[in-house]
Every structure is written in structure tokens, then in C-alpha cells.
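I am attaching a structure below and will ask some questions about it afterwards.
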Amino acid sequence: MRQTTTRSIPSLGLRALALATALALGAAAMPTHAQTLPAAVSTDGTLLSVSAQAETTRVPDIAHLSTGVVTQAADANAAMRANAAQMTRVVDAIRKAGIAERDIRSSGVNLHPQYRYADNQPPTITGYEARNTVDITVRKIGELGGIMDALVAVGANQINGPSFEVDDKEGAYDEARRAAIEKARARAQMYAQTLGMEVRRIVSISEGNGGFGPPVPMMAMARMDKAEAGTPIAPGESTLSVNLDVVFELGR
């Protein structure tokens with residue numbers, strides 16, 4: 001027993017030593033938070049940080065619109081039934097206008113009691129109001145005015161919007177990015193020439209939050225007594241901007 005015991009002690013010690021070594025090597029190989037960050041730039045030149053902004057404009061080609069029906073009745077059931085019948089005609093008109101199912105989304109169905117208030121008396125319910133609203137996306141801006149008129153004609157008594165959007169925003173942003181890079185490069189060249197140096201390379205590029213400026217639509221409701229006139233819509237232009245922070249290396 002003693003002989004077996006004396007042999008097992010070194011064996012256990014070697015195993016412990018091997019395990020400790022493996023753990024130490026694993027810890028050394030494990031990436032730390034600092035190592036996940038970009039390594040420091042090694043350079044013998046001068047680093048110049050330049051901020052540049054560029055914009056591009058587009059005519060919006062998508063419109064978002066909210067429309068619906070508000071009905072009132074003495075009891076809740078009657079208010080909801082009247083609203084459902086009127087809203088069915090509105091949704092049918094939306095589909096007949098060529099709006100795809102993916103561009104029609106119910107955004108709210110609400111039923112609320114209406115109260116009469118009197119001094120020193122509890123509120124009294126006098127009836128109910130039902131609301132049903134859908135959000136639609138119109139992808140043919142030229143048809144927007146006619147669609148709005150058609151909705152009102154079949155019973156829509158609520159319209160909010162429109163708001164306009166550019167469908168291919170990334171293409172427009174890429175155009176602004178290229179312009180911002182050229183602006184930053186020209187500014188770096190100016191600094192380098194002033195200092196008697198030259199631009200060696202771009203060290204890093206960081207894109208900040210750009211902006212999308214939706215246009216303010218010019219909109220006027222058509223007179224109801226002129227059947228030939230529609231609701232005029234002017235989508236205007238949208239401005240998309242990009243901000244870049246570019247670090248250049250300057251040298252002699």
C-alpha cells in the first residue's frame with residue numbers, strides 16, 4: 001500500500017501541473033475586450049481627422065396614408081355594426097385602387113362610450129363611438145389624390161397624411177457617401193499642402209448618423225361641387241445626408 005501511494009502522489013502532481021498549464025495557456029489565448037478593438041495605428045506620419053457632410057435629393061416615390069371610419073350610435077352594438085359596414089366599403093375601394101394586400105394594415109379598432117357631464121352629477125353615457133383605421137402605402141404617387149377622393153366617396157371620414165418616402169434610400173445614401181469622401185479628401189489635401197506635406201492614405205472611416213428630411217407636402221382639398229377636380233398632391237423633394245469622420249495619414 002505504501003509503495004502504491006508514493007507513486008500516485010507524483011502522478012497527481014503532474015496531472016495538476018498539466019491542468020494548470022493548460023488553463024494558463026487557454027487564458028492567454030482568450031481574446032480580451034481590449035483585443036477586440038482596432039489595433040493602434042503604427043505610423044511615422046501625422047494623423048489628421050476630417051469631418052465631412054454631403055447631401056443628395058430625391059423626389060419621393062412612396063406615400064403613407066392613414067384612413068378610416070368613425071361612427072356613432074346609441075348603443076355599442078349598433079355603433080360597431082355601422083362602422084363595419086362603412087369600413088368594408090372603404091377597404092373594397094382601397095383594393096379597387098390597386099393597393100396590394102401587403103400595403104394594407106389595420107392600425108386600430110376602438111369603441112368608446114360618450115358621456116354627458118352635469119354639475120354635481122355622475123357622468124351619464126349618451127352613446128358610443130366606434131373607430132376603425134387602416135394604414136396604406138401608395139406606390140404610385142400620381143394616383144394618390146384620386147385614391148383619397150375615392151375613399152371619401154365611399155364613406156371614409158378620417159384621413160391622416162400623407163407622408164412621403166424614398167423607396168431606394170440606400171442608393172441615395174451611397175451617392176451622398178461618395179460625395180462626402182471626396183469632400184473629406186479635398187479638405188485633407190488642403191491641410192497637407194498648407195503644411196508642406198502629402199496625404200499618404202486613409203487610416204479609418206466612421207459614418208455618423210445621417211438624416212432623412214421628409215418633404216412638407218403641399219396639399220389642398222378639392223371642392224366637393226367640382227366632380228372633375230381631384231385632391232392635388234405635391235410630394236416635393238426629400239434630402240438625405242451623410243456625416244463621415246475620416247482619419248488621414250500625412251507625411252513628407
Side-chain angles (χ1 to χ4, degrees), residues 57-115 125-170 172-173 209-241:
T57 58
R58 291 288 189 277
V59 176
D61 49 6
I62 292 179
H64 299 287
L65 188 70
S66 175
T67 185
V69 173
V70 180
T71 53
Q72 297 175 346
D75 63 85
N77 191 30
M80 288 295 289
R81 285 201 312 269
N83 191 284
Q86 203 165 326
M87 194 64 189
T88 298
R89 294 193 294 270
V90 171
V91 174
D92 287 343
I94 292 172
R95 293 192 174 106
K96 288 179 182 177
I99 306 300
E101 292 296 328
R102 65 189 176 96
D103 292 328
I104 306 171
R105 181 176 62 88
S106 293
S107 58
V109 178
N110 300 284
L111 177 68
H112 298 291
Q114 296 177 304
Y115 295 95
I125 295 178
T126 59
Y128 291 85
E129 180 181 272
R131 293 175 178 264
N132 193 335
T133 307
V134 294
D135 295 332
I136 64 174
T137 299
V138 180
R139 300 184 184 276
K140 295 181 180 179
I141 299 292
E143 299 178 0
L144 180 58
I147 291 174
M148 295 171 66
D149 292 339
L151 295 178
V152 173
V154 297
N157 53 19
Q158 239 190 358
I159 292 181
N160 296 302
S163 62
F164 297 101
E165 183 181 344
V166 176
D167 190 17
D168 183 21
K169 287 193 290 292
E170 279 307 309
Y173 278 125
N209 292 327
F212 173 77
V216 178
M218 298 172 59
M219 172 180 167
M221 297 302 294
R223 292 186 53 171
M224 299 304 292
D225 59 345
K226 292 186 179 180
E228 71 277 7
T231 300
I233 301 294
E237 283 189 340
S238 294
T239 301
L240 300 93
S241 64

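It should be emphasised that the depicted structure is a prediction, and the values quoted were computed from it without experimental measurement.
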query = Looking at residues at least two apart in the chain, or sitting in another chain, which of them share a side chain to side chain contact (heavy atoms under 4.5 Å, CB included) with N132?
reply = N83, M87, V109

inquiry  = Does any part of the side chain of P162, heavy atoms only, come nearer than 4.5 Å to the side chain of L144, both counted from C-beta?
reply    = yes

message = Distance check, rounded to the nearest 0.5 Å: E165 atom CD versus D61 atom CG?
response = 8.5 Å

note = Correct closest heavy-atom pair for P60 and V166 would be CA-CG2, 4.2 Å

query = In Å, rounded to the nearest 0.5 Å, how long is the span from OG1 of T126 to OH of Y115?
reply = 9.5 Å

request  = Might you point out which heavy atoms bring V69 and A156 nearest each other, and give the distance in Å?
outcome  = CG2-CA, 4.2 Å

query = Is there a side-chain contact between V70 and E129 (heavy atoms, below 4.5 Å)?
reply = yes

Just distance, no hydrogens or angles: give the donor-acceptor pairs under 3.5 Å from side chains in residues 96-104, sequence neighbours left out.
from: E101; atom 1: OE2; to: R95; atom 2: NE; distance (Å): 2.5
from: D103; atom 1: OD1; to: R139; atom 2: NH2; distance (Å): 2.9
from: D103; atom 1: OD2; to: R139; atom 2: NE; distance (Å): 2.9

ask   = If you take all heavy atoms of A234 and F164, which pair is closest and at what distance?
value = O-CE1, 4.4 Å

request  = Working to the nearest 0.5 Å, report the span between CD1 of I159 and OG1 of T133.
outcome  = 11.5 Å

task = Might you point out which heavy atoms bring L111 and A76 nearest each other, and give the distance in Å?
result = CD2-CB, 3.6 Å

request  = Kindly compute the distance separating CG (L151) from CD1 (I136), expressed to the nearest 0.5 Å.
outcome  = 5.5 Å

message = As an exercise, state the distance from CD of Q114 to OH of Y128, rounded to the nearest 0.5 Å.
response = 10.0 Å

query = Of the options T67, V154, L65, which is the one that meets I94 in a side-chain contact (heavy atoms from CB on, under 4.5 Å)?
reply = T67

ask   = Can you name the side chain to side chain donor-acceptor pair (under 3.5 Å) partners of R89, sequence neighbours left out?
value = none

note = Looking only at heavy atoms, the pair that brings I233 and P235 closest together is O-CD, 3.8 Å

For the student: nearest non-hydrogen atoms of Y173 and S241, plus distance = CE2-O, 3.5 Å

Atom pair OG1 (T239) and CZ (R58), whose distance is rounded to the nearest 0.5 Å = 11.0 Å

